[in-house]
Q: 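Sharing a structure here in structure tokens format.
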Amino acid sequence: METNNTIRMFHYDDIPEDLSLIPNSLQYIATDLGVNVVFQTADNQSEAIDILKADTFDLIILDMYDKATGREAGISILDFLKTSGKTTPVIGFTSRNPVDMDYQRSTQYANVLRFLQKRTTQDEIGEVFVEFLMNNGFVPSVCTYDKDNFNLIAEVNTIGLKAINNFLLKIKKQLHLESSTTFKLYKITAGLSGAVIFRVEYQINGNQRSFLLKISADREAIRKELSNTDHYKNLPAQFRLEYNPDISKELKNDDFAAIMIEYAENAKTLFDWLQTDAACQQPDKVATLLTELFLENGLKQFYAFNRSAERHKYNFMFEKLDERRISFIKRAINELRPIWAHHGTELIDIDLIDQMLFNQSYRQINFKTGHAQIMEKHLMLNHGDFHAKNILVSSTNRPSIIDTGGFTYEYWCADISRLMVNLFIEGIDSNSYAFFALEPQIAHITLAEQIIEGQPLDTIEVNIPQKGYFHAINWLNSNIEQIYPEYFCRWEFQLNLALEFFKFSYKSLTLPPGKRTLALMCACAAIRAANNNLQMSTN
């Protein structure tokens, strides 16, 4: 982008000594961004209007309150700009509540960028000023990215390059990087909630550094992740990334919030790593990585040591299916009905779904709630969104865990259920046409039934790009009882698989209809299996 490196600004304030405060502050910010500022000032309303009549500026800063007259003198200047047809952007300072003034801005003075409280902080005026500079081409883009990577382009467009630049400029300033420093963006992952995680590279003193930048329109989700850093610190140290203490706890603009996480190197997500030749052709490498992640001083100990005093029965796992999520599943059923009806399959049992989810009455279990097999168990601290794109694998095949905003106490098998369903539904057929085709999905139900029953999947005839997922699923199924030695119960695990399959059925933004239909079929298969296993264990 070509930039105009000089910005002409006019500043009116009826108190002469105040005319130096804002210019000095903005001059410092502009210099840091490589922008030259030329200021003209006035402390008299008539003089101000005469200057504005005779000259043109890029930005006007107005003190709305005139101490001498006790009137909102800045309004007269705004009226002059309006009647003379001048649309120069304005930042106004008021002694009144800026929220009240915003009504006037929206209805009468569209050229006002923001009303700020008189004697505002440097950060607040600086944030509005930087946003203006970026939106009007005074500051070049501080980041580059692969313009041929359509997945990356989609994520950049989701957030908007201006918003990303805004966050990176703030980070550059807080890290005290040179104004010439540029960042390079890489995609790590994106969530269904709309959050995007970029890996950001930059050079400092000839050395390459990188960090993760998570951006979301859901400010509450960002705040929750920050509040969950205490839980994150309970993870084994080898799996953690650190939040940079030199960066503001929460970066934000009008539309998004962001956080920066320390990160050392270019790693793959577990989802991508499982497609590599090493993972596909050498199952022992997959076993070594998952053993480190779960067993050898790994998540097994984390789950064991982080338990809630609360105890609940199996049906606690379905409490997260609130009215909103139930409505998503109902809509998915209605959308996908033509697909399974066309194939004449009976693998989707609407009565079973009605009883399990919509009426919250699982008859085979509720008839036996007094049996010893139906017991209360302590809740465990879980990641909450433990899929294969939230696990990073380093160049030395060491795992680390990211995206921790969902940490919460859940029923014992929540994390591993989410991971296995993600590997199966999103991993099988990934990067192939078959992922989008309808016919293969019904054939995959046999594989799902084997997973649900804990049987190993045969990998001999599997295509290379899929073998890594099969190896990972087989390892998880073989070791789940070791991961949860006190709590493991096959039928409870099967019900949690059903829950996760149901949630994947409404992922319309990331999954094609065939995969979502398969998820519904698998959910019903998991409920049937849980029913059969419970009957056998209680007879």
Side-chain angles (χ1 to χ4, degrees), residues 192 271 274-275 321 325-326 328-354 356-357 385-389 416-459 461-463 465-474 476-477 493-532:
L192 185 63
F271 191 88
L274 288 171
Q275 296 182 41
L321 285 179
R325 290 185 175 90
I326 291 289
F328 290 165
I329 297 172
K330 287 181 177 179
R331 186 167 62 194
I333 290 171
N334 289 332
E335 290 175 352
L336 301 172
R337 190 185 301 272
I339 295 177
W340 82 73
H342 172 73
H343 289 279
T345 179
E346 297 179 357
L347 295 172
I348 297 179
D349 187 335
I350 296 300
D351 290 338
L352 190 64
I353 296 174
D354 283 344
M356 186 75 212
L357 300 182
D385 193 16
F386 202 59
H387 56 71
K389 293 180 181 178
I416 200 166
S417 300
R418 167 64 63 91
L419 180 57
M420 288 183 68
V421 170
N422 165 244
L423 292 172
F424 177 68
I425 293 293
E426 296 196 56
I428 304 304
D429 299 328
S430 62
N431 294 333
S432 73
Y433 173 76
F435 186 84
F436 299 94
L438 299 178
E439 293 293 344
Q441 309 314 328
I442 293 180
H444 287 335
I445 194 65
T446 302
L447 295 175
E449 289 170 344
Q450 290 175 270
I451 294 170
I452 291 165
E453 291 293 354
Q455 300 170 1
L457 301 176
D458 184 358
T459 62
E461 300 296 329
V462 178
N463 294 329
Q466 300 179 45
K467 279 194 176 183
Y469 301 113
F470 279 64
H471 296 326
I473 291 169
N474 283 344
L476 292 168
N477 244 335
F493 179 57
Q494 289 167 333
L495 283 181
N496 217 133
L497 286 175
L499 172 65
E500 292 301 329
F501 280 125
F502 275 125
K503 289 193 284 188
F504 273 70
S505 74
Y506 57 74
K507 280 191 157 188
S508 57
L509 295 179
T510 56
L511 292 175
K515 282 290 183 181
R516 294 167 57 211
T517 304
L518 174 63
L520 279 178
M521 294 176 182
C522 293
C524 292
I527 295 173
R528 293 190 194 95
N531 175 38
N532 293 335

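One is the number of the first residue; the rest follow in order along the sequence. Computed from a prediction, not measured in an experiment: that's the story for all the values here.
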Q: Mind checking the CG-CG spacing from Leu457 to Asn477? Nearest 0.5 Å is all I need.
A: 7.5 Å

Q: Walk me through it: do Phe424 and Glu500 pass the test side chain to side chain contact (heavy atoms under 4.5 Å, CB included)?
A: CA-CA 11 Å; Phe424 177 68; Glu500 292 301 329; over 6 Å; no

Q: Rounded to the nearest 0.5 Å, what separation is found between the CD1 atom of Ile416 and the CG atom of Asn496?
A: 10.5 Å

Q: For the residue pair Tyr469 and Phe271, categorise the inter-ring angle as parallel (less than 30°), tilted (30 to 60°) or perpendicular (more than 60°).
A: tilted

Q: Ile353 and Cys524: side chain to side chain contact (heavy atoms under 4.5 Å, CB included), yes or no, with the steps?
A: CA-CA 7 Å; Ile353 296 174; Cys524 292; 3.8 Å; yes

Q: On the six-membered ring of Phe470, is Lys467 placed so that its NZ or CZ lies under 6.0 angstrom from the centre and within 45° of the ring axis?
A: no

Q: Donor-acceptor pair, distance only, cut-off 3.5 Å: does the side chain of Gln455 make one with the backbone of Gln450?
A: no

Q: Who are the side-chain hydrogen bond (donor to acceptor under 3.5 Å, both in side chains) partners of Gln441, not counting sequence neighbours?
A: none

Q: What pair of heavy atoms forms the shortest contact from Glu453 to Ala529, and how long is it?
A: OE2-CB, 3.5 Å

Q: Could you grab the distance from atom CD of Glu449 to atom CD1 of Ile451, nearest 0.5 Å is fine?
A: 10.5 Å

Q: Decide yes or no for Asp429 and Lys515: does some side-chain heavy atom of the first lie under 4.5 Å from some side-chain heavy atom of the second?
A: yes

Q: Taking all non-hydrogen atoms of both residues, which atom of Ser430 and which atom of Gln275 are closest, and how far apart?
A: OG-NE2, 3.8 Å

Q: Can you name the nearest heavy-atom pair linking His444 to Leu518, along with the distance?
A: CB-CD2, 4.0 Å

Q: Go through the structure and list residues passing ring pair (Phe, Tyr, Trp, His ring centres under 6.0 Å) with Phe435, not counting sequence neighbours.
A: none

Q: Any heavy-atom pair between the side chains of Lys330 and Tyr506 that's under 4.5 Å?
A: no

Q: Could you state the interatomic distance from CG (Leu520) to CZ (Arg337), rounded to the nearest 0.5 Å?
A: 10.0 Å

Q: Applying side chain to side chain contact (heavy atoms under 4.5 Å, CB included), run through Thr517 and Ile348 and close with a yes or a no.
A: CA-CA 9 Å; Thr517 304; Ile348 297 179; 4.3 Å; yes

Q: To check you understand the geometry: which heavy-atom pair defines the closest contact between Cys522 and Ala448, and what is its length?
A: SG-CB, 3.3 Å

Q: Provide the closest heavy-atom pair for Asn422 versus Ala388 in the form atom of the first, atom of the second, distance.
A: OD1-N, 2.8 Å

Q: Pair Leu423, Leu274 - check side chain to side chain contact (heavy atoms under 4.5 Å, CB included), show working.
A: CA-CA 10 Å; Leu423 292 172; Leu274 288 171; 3.6 Å; yes

Q: For Glu335, give me all partners under side-chain hydrogen bond (donor to acceptor under 3.5 Å, both in side chains), at least two apart in sequence or on another chain.
A: Arg516

Q: Is the side chain of Asn474 donor-acceptor paired with the backbone N or O of Pro456 at a distance under 3.5 Å, no angle test?
A: no

Q: Atom CZ of Arg331 and atom CD1 of Ile329: how far apart are they, to the nearest 0.5 Å?
A: 11.5 Å

Q: Given Glu426 and Lys507, is the salt bridge (charged side-chain N to carboxylate O under 4.0 Å, His left out) satisfied, shown in steps?
A: CA-CA 11 Å; Glu426 296 196 56; Lys507 280 191 157 188; 3.6 Å; yes

Q: Report the distance from atom CD1 of Ile527 to atom CG of Asn532, rounding to the nearest 0.5 Å.
A: 12.0 Å

Q: Any idea which heavy atoms bring Leu419 and His387 closest together, and the distance?
A: CD1-C, 4.0 Å

